[in-house]
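Heads up: the structure comes next, in structure tokens.
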Amino acid sequence: QVQLVESGGGLVQAGGSLRLSCAASARIFSVNVMGWDRQAPGKQRELVAAIASGGRTNYADSVQGRFTISRDNAKNTVHLQMNSLKSEDTAVYYCYAGSSWSDRSYWGQGTQVTVSS
């Protein structure tokens with residue numbers, strides 16, 4: 001049984017930084033990819049960033065160069081370092097885990113990120 005617990009959301013001014021964390025409460029065996037989606041009010045949920053067990057990463061064009069995802073396989077934890085935040089980054093961020101880039105079998109509870117201008 002895999003549970004994902006998110007932390008690190010909050011309120012920050014434009015240009016500032018936040019770091020999100022997502023920890024699995026049980027060992028992950030067949031899950032190869034972990035990442036974050038986000039959903040802003042009135043908008044579709046979209047991929048933010050993902051990372052495979054071997055370290056390969058995938059980023060949305062809108063966050064490329066500003067966000068960095070990392071993974072500690074030994075601790076079953078992933079982190080999303082968000083720099084140069086913009087108002088359009090405001091959303092609920094949902095951590096997920098799956099067996100491939102497109103699989104999202106497990107979800108975190110979501111954490112609110114609000115960027116003020």
Restricting to non-hydrogen atoms, name the atom on [X] and the atom on [Y] that form the minimum distance, rounded to 0.1 Å.
| X | Y | value |
| --- | --- | --- |
| Arg45 | Asp37 | CG-CB, 3.7 Å |
| Gly110 | Val92 | CA-CG1, 4.0 Å |
| Leu47 | Ala50 | CD1-CB, 4.3 Å |
| Val63 | Asp89 | CG1-OD1, 4.5 Å |
| Ser84 | Arg66 | O-NH1, 3.0 Å |
| Ala52 | Arg71 | C-NH1, 3.7 Å |

If you measure from [atom1] on [X] to [atom2] on [Y], what distance do you get to the nearest 0.5 Å?
| X | Y | atom1 | atom2 | answer |
| --- | --- | --- | --- | --- |
| Tyr106 | Cys22 | OH | SG | 13.0 Å |
| Met34 | Leu80 | CE | CG | 12.0 Å |
| Asn32 | Ser53 | CG | OG | 5.0 Å |
| Ser117 | Leu85 | OG | CG | 12.5 Å |

Whether the side chain of [X] engages the backbone of [Y] through a donor-acceptor N/O pair (distance < 3.5 Å, no angle test) should be reported.
| X | Y | answer |
| --- | --- | --- |
| Gln13 | Ser116 | no |
| Glu6 | Cys95 | yes |
| Thr90 | Val115 | yes |
| Tyr59 | Ile69 | yes |

**Asked** Same hydrophobic cluster for Met82 and Ile51, using side-chain heavy-atom links shorter than 4.5 Å among ILVMFWY?
**Response** yes

How about [X] and [Y]: does a side-chain donor come under 3.5 Å of a side-chain acceptor?
| X | Y | value |
| --- | --- | --- |
| Ser21 | His79 | yes |
| Gln64 | Ser62 | no |
| Asn83 | Gln81 | yes |

**Asked** Going through the checks in order, is the side chain to side chain donor-acceptor pair (under 3.5 Å) test met by Asp72 and Thr77?
**Response** CA-CA 5 Å; Asp72 187 337; Thr77 301; over 6 Å; no

**Message:** Checking Val48 against Phe67 for the side chain to side chain contact (heavy atoms under 4.5 Å, CB included) test, could you report, in this order, the C-alpha distance in whole Å, the side-chain angles of both residues, the deciding distance, and whether it holds?
**Reply:** CA-CA 9 Å; Val48 178; Phe67 292 9; 3.6 Å; yes

**Message:** On the six-membered ring of Tyr94, is Arg38 placed so that its NZ or CZ lies under 6.0 angstrom from the centre and within 45° of the ring axis?
**Reply:** no

**Asked** Is there side-chain contact between Val33 and Asn58, with at least one heavy-atom pair below 4.5 Å?
**Response** no

**Prompt:** Is Arg56 atom CZ crowded by more than 12 heavy atoms from other residues, nucleotides or ligands, each under 6.0 Å away?
**Reply:** no

**Message:** Quick check on the 6.0 Å ring-centre criterion: do Tyr93 and Trp36 meet it?
**Reply:** no

